[in-house]
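The structure under discussion appears below in the form of structure tokens.
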Amino acid sequence: MDVIGQGVKEGILLILSLDPELIQVTLLSLQVSLTALVAAGLLGIPAGTFLALKNFTGRKLILNIIYTLMGLPPVLAGLIVFLVLSNRGPLGEWQLLFTPSAMIIAQVLLGFPLVAGLSARAVMSQRQEVYDTAVMLGATRTQAVLSIIRESRMGIIAALTTAMGRLIAEVGAVMMVGGNIQGKTRVLTTSIVLETRMGHDSRALGIGIILLILAFMIMLLILKLEKRSFKDDSTIQIV
Amino acid sequence: MDVIGQGVKEGILLILSLDPELIQVTLLSLQVSLTALVAAGLLGIPAGTFLALKNFTGRKLILNIIYTLMGLPPVLAGLIVFLVLSNRGPLGEWQLLFTPSAMIIAQVLLGFPLVAGLSARAVMSQRQEVYDTAVMLGATRTQAVLSIIRESRMGIIAALTTAMGRLIAEVGAVMMVGGNIQGKTRVLTTSIVLETRMGHDSRALGIGIILLILAFMIMLLILKLEKRSFKDDSTIQIV
Amino acid sequence: QKEEAEPQQQAGDSVPTPENPQLKLATTTSTQDSGLLDEIIPDFEAKTGYKAEVIAVGSGAAMEMGESGDADVLLVHSRAAEDEFVAAGFGIDRHDVMYNDFLIIGPAADPAGIKGGDDAVAALTQISDSKSVFLSRGDDSGTHKKELSIWKAAEIEPTGDWYNSVGQGMADTYRMADEMQGYTLIDRATYLANKENYSLESIVEGDELLFNPYGVIAVNPEKYPNINYDGATAFIQWIISDETQALIAEFGKDQYGQSLFIPDAK
Amino acid sequence: MTVLFKLFDITKSYGERQVLNAEHLEIRAGNIHCLLGPNGSGKTTLLRVMALLTTNDTGDLEVLGEQVSWQPSQLLLLRRQMAMVTQSSFMFEGSVFYNVAYGLKARKKPKKEIQKRVQESLELLGMLDFIDAPARYLSGGETQKVAIARALAVRPRVLFLDEPTSNIDPSSSLEIEQYIKHINQQYSTTIVLITHNFFQARRLAQQTSMLWDGHIIEQGPTRDMFHNPQDPRTRRFIKGEY
Amino acid sequence: MTVLFKLFDITKSYGERQVLNAEHLEIRAGNIHCLLGPNGSGKTTLLRVMALLTTNDTGDLEVLGEQVSWQPSQLLLLRRQMAMVTQSSFMFEGSVFYNVAYGLKARKKPKKEIQKRVQESLELLGMLDFIDAPARYLSGGETQKVAIARALAVRPRVLFLDEPTSNIDPSSSLEIEQYIKHINQQYSTTIVLITHNFFQARRLAQQTSMLWDGHIIEQGPTRDMFHNPQDPRTRRFIKGEY
Ligand SMILES: Nc1ncnc2c1ncn2[C@@H]1O[C@H](COP(=O)(O)OP(=O)(O)OP(=O)(O)O)[C@@H](O)[C@H]1O
Ligand SMILES: Nc1ncnc2c1ncn2[C@@H]1O[C@H](COP(=O)(O)OP(=O)(O)OP(=O)(O)O)[C@@H](O)[C@H]1O
Ligand SMILES: [Mg+2]
Ligand SMILES: [Mg+2]
């Protein structure tokens with residue numbers, strides 16, 4: 001059990017040491033996951049909104065598939081991207097395998113269903129009056145839909161923080177398509193796996209703590225951005 | 001690329017073969033993830049609701065920590081549970097390591113923050129009038145809070161489907177605390193990893209497809225249960 | 001694998017029923033990924049009545065599990081660390097079980113020009129000199145330690161863009177090497193099990209430096225009361241028995257035309 | 001006559017702004033008591049304080065003979081004797097039946113009785129045809145009628161009505177007024193009514209309090225208030241519609 | 001006089017139930033046209049069809065001289081000439097300013113002009129003090145006033161008012177009526193008004209249509225309708241309040 005205490009200590013020491021390799025690994029983690037998050041957000045929020053609002057045959061099915069893909073196993077996502085980007089795969093010429101780009105692609109594949117599915121649910125819980133009020137004030141369809149998204153912010157921010165958590169913590173896919181190459185595609189999560197495999201539990205915990213601190217900071221950033229646009233932060237009062 | 005086609009084929013063959021080992025692995029996957037999901041739901045929905053509704057110092061901090069823990073890396077969760085359940089750990093006597101119970105514990109650790117965080121957000125987007133109407137009709141506090149949860153169903157179902165997806169697809173934690181023991185703790189995701197390690201890509205894909213079908217069915221079940229209680233399924237009409 | 005489901009029936013009532021039939025075996029991924037354990041464990045269970053729970057991790061992690069008492073018996077390949085483990089009192093009854101060997105594999109084009117050699121040190125030196133892509137397990141595993149010892153013998157500190165430390169298991173590293181068309185050090189079992197899928201070829205083999213002995217160790221029951229020492233002993237006795245050794249010698253012959261492991265229990 | 005609500009120096013502020021400062025108010029049992037006042041004068045806030053939905057910042061509050069302690073058990077006990085129709089009625093997701101049955105279910109009434117009372121209440125409001133309709137699709141007036149039925153179904157001792165007929169057509173409105181009078185006389189239900197309809201106030205209320213900027217500037221029997229208002233602000237306010 | 005809305009045999013059903021069946025209705029430019037009728041008679045539905053918020057099931061709809069094609073571009077063009085105050089006003093999350101500026105921002109007006117017009121509109125409704133308040137915390141009447149200001153800010157050619165003063169106190173109500181009259185006369189804004197307040201209808205509307213169960217059972221000049229209703233149902237309905 002003292003391994004945990006030692007892990008916390010090791011984490012602090014690791015941070016203080018400013019180990020250049022660790023810094024590089026951390027920055028790569030950030031770069032990969034944030035890029036994937038932004039991409040998943042830019043694709044997922046509109047897609048989710050579209051699916052929530054547009055009536056067409058097959059809509060239900062697509063929604064259910066998206067919900068299901070929220071449970072896409074990272075290894076499977078990794079395997080699929082691997083096969084596509086492999087030398088023998090259709091996009092083999094791009095030579096993306098074992099690069100950060102491949103990791104980003106795999107993570108977008110994982111993050112997109114999360115953002116789209118959760119955004120769809122958030123938008124679906126809105127009422128008709130939002131749209132009506134917007135268009136009657138002269139909003140274009142796009143403006144009105146943006147207003148619906150704005151009113152759904154609670155759920156959409158939840159979608160983003162959830163996806164952020166998933167991506168920054170994810171290892172199966174980045175391991176497979178990134179390859180955990182030291183100095184090139186090694187990120188925090190793959191480092192943790194490597195350290196546990198080597199039996200360095202406290203170091204693994206230490207890196208894990210760094211990762212959680214990072215996740216915490218990104219989360220605060222997202223919430224800060226939210227608060228800057230939405231000052232009202234009231235919740236139900238239980239009297 | 002034909003590996004993917006072959007994977008689909010293999011998946012179908014695997015299902016048709018009714019291989020007793022695969023059935024056992026599938027049932028264990030179901031058992032572990034569903035038990036963990038139910039536990040995470042039973043703990044997470046009340047916890048999230050509490051955090052959304054109760055004002056106390058430290059509430060914001062706890063919420064932020066929960067949001068952060070949505071990004072708990074499975075390997076890290078696995079490592080922590082491993083250390084706690086290890087012979088040297090505080091609960092070593094229970095002899096739970098490498099059993100399905102250990103896997104469930106680790107998955108609850110992963111699922112709880114997801115359910116709690118997303119439920120909290122869903123509840124926070126509700127208005128005061130829900131509570132007021134409920135208590136003025138004579139509801140006890142508990143009944144009123146249950147009504148708030150009921151009105152938040154869109155977000156709470158989203159929380160459950162998200163957690164379900166996460167848990168059924170998760171491999172890092174179950175691998176570490178379960179040990180992927182054949183006939184005892186091997187589940188679908190750890191099988192996928194093992195198959196890819198043995199170079200059986202198409203078999204890995206096949207198992208992945210089984211897993212996705214499973215996730216799809218659970219998801220339909222959750223949505224069906226939702227629909228049984230909430231017939232109204234209207235969304236905004238875009239005219 | 002069919003017999004495995006019904007060992008009791010097969011052996012009739014001659015199967016002993018041990019007090020604590022659950023035996024945790026921590027081993028390296030290579031014994032599992034090669035299929036060896038799947039092949040021979042049913043025999044163990046049928047003969048002794050124990051149920052072997054195989055946990056496949058790296059040698060390092062396996063010994064870590066032994067140290068914390070989370071496994072009862074270890075089947076690993078990391079000779080120096082094994083001796084240390086025994087010396088520290090964590091393990092007892094260490095026995096040699098078998099060995100396999102490593103090869104250096106690489107692309108058919110062979111940019112380092114080392115094909116057909118049997119001198120591992122020279123081969124790595126040339127790979128380094130030609131800056132050909134090389135993949136290292138980089139995970140403190142037995143294979144990784146073996147690789148480092150060869151670099152040491154060659155008096156080279158491998159660094160640079162061509163040297164990729166991937167921190168993954170053998171099969172994953174093989175897969176990556178194939179994609180990157182690089183060289184890597186691999187154990188014969190993993191190589192043979194996967195070579196159908198990939199294009200890399202055997203480049204260097206047969207150097208004595210490349211031999212890889214496996215040992216079996218019981219975890220010291222004095223450290224933790226709940227260690228299944230009886231089971232560990234049964235396992236050790238079984239695996240070094242002549243019949244099992246013969247089984248090991250047979251394993252792989254029908255599929256690959258050669259055995260993957262050479263038994264060497266004394 | 002028993003006094004059901006006693007308020008002394010009750011204040012309530014949001015941020016900097018004090019929106020309520022009720023120096024003295026008593027609501028007597030069995031009365032219909034009307035709260036008048038311009039928009040934003042604090043009528044709804046006052047009602048919410050009396051209904052124990054909002055805590056007051058300062059002052060003494062006595063409800064149904066008890067000093068309010070804000071303990072959940074006390075709140076439940078007191079609230080179970082009240083019901084409210086809010087200014088914009090919130091409907092739970094579900095059918096009209098679900099909504100009207102809500103308070104009865106909360107009180108764990110037997111199924112049969114719930115069925116009976118829901119039907120009765122809806123019948124009275126002329127909304128029985130809508131019993132199975134989804135409550136959220138009702139028209140404005142229909143929603144308000146269901147909200148009234150929902151409050152009546154629990155047979156409260158005190159009924160708070162916050163502009164209960166603002167969206168209801170005049171003839172239904174008159175019927176509802178009849179019914180309010182009826183339960184007031186028959187069951188001596190105490191009623192606190194907010195309305196902007198002076199006719200309604202005069203038809204129903206025995207007592208009236210006039211709010212202005214959070215203060216109760218005048219109160220007394222409704223007749224006197226309308227015939228002979230003391231405060232110039234009241235006079236001007238009442239002239240508005242005349 | 002130009003006819004801005006022409007409806008022939010417009011029907012609308014929800015499920016089995018036909019809630020609107022308007023055989024013939026014309027709204028003339030520059031008029032204030034009142035829709036009367038009991039709760040659930042289809043007034044709001046009719047308004048929503050005219051405002052192009054709901055498609056009709058059958059019938060011919062001509063709006064501002066154009067046959068409605070329900071093409072987004074046409075809808076935008078037509079709706080940009082209208083504004084609406086709905087029965088229960090929805091406020092966007094944000095300040096009162098954000099809400100009143102919404103329509104102007106959608107029209108990409110310059111910042112200065114937005115500022116000016118928002119202030120003017122709020123001033124008119126006596127809500128300037130609330131410009132920075134969160135819109136969702138307003139009282140019932142205040143919300144309605146902001147909703148009116150928000151609709152006026154875009155200076156519509158047609159203004160739909162669905163019980164716009166139901167929660168507003170009588171004197172503010174009168175002021176707002178004055179203002180409605182004023183923009184009707186000054187800018188010849190056409191106004192379609194739903195109200196349950198017969199006084200208001202008589203004070204404001206030149207034309208009135210009476211709805212009953214989705215049908216328009218009577219229409220004509222407001223005076224005639226109130227003094228000499230033809231349909232017995234209208235007569236009974238109007239008697240309700242008298
Ligand atoms: N949660 C809140 N935060 C800030 N201000 C509030 C809040 N609730 C109410 N107010 C303000 O308090 C004042 C009184 O509100 P209240 O709802 O009691 O008015 P009212 O008399 O019921 O008015 P109306 O006739 O318009 O319903 C209003 O000016 C309103 O803006
Ligand atoms: N989305 C809907 N689904 C089903 N029924 C609806 C829907 N919208 C309205 N209705 C029904 O249509 C009828 C007419 O509604 P509408 O809102 O037009 O009435 P209204 O004349 O405006 O009444 P009020 O005076 O109460 O506002 C009502 O009985 C209502 O229940
Ligand atoms: Mg009010
Ligand atoms: Mg209406």
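Residue numbers begin at 1 in each chain, while the letters A, B, ... track the order of the sequences. Just so we're clear, the structure is a prediction, and the values are computed from it rather than from any experiment.
Other residues, nucleotides and ligands place no more than 12 heavy atoms under 6.0 Å from the CZ atom of D/Arg223.
Contact of E/Ser166 with chain D is made through backbone and side chain together, with heavy-atom distances under 4.5 Å. Looking at E/Lys145, the atoms closer than 4.5 Å to chain D (heavy atoms on both sides) all sit in the side chain, from C-beta outward. For chain D, the nearby part of E/Ser172 is the side chain; its heavy atoms alone come within less than 4.5 Å. Heavy atoms closer than 4.5 Å to chain D are found in the side chain of E/Phe130, but not in its backbone.
Between D/Pro170 and E/His196, the shortest heavy-atom contact is CG-O, 3.2 Å. In plain terms, the two heavy atoms of D/Gly40 and E/Ser139 that are nearest each other are N-OG, 3.6 Å. Listed here is the closest heavy atom pair of D/Asn167 and E/Asn39: O-ND2, 2.9 Å.
With rounding to the nearest 0.5 Å, the separation of OG1 in E/Thr143 from CD in D/Gln87 is 8.0 Å.
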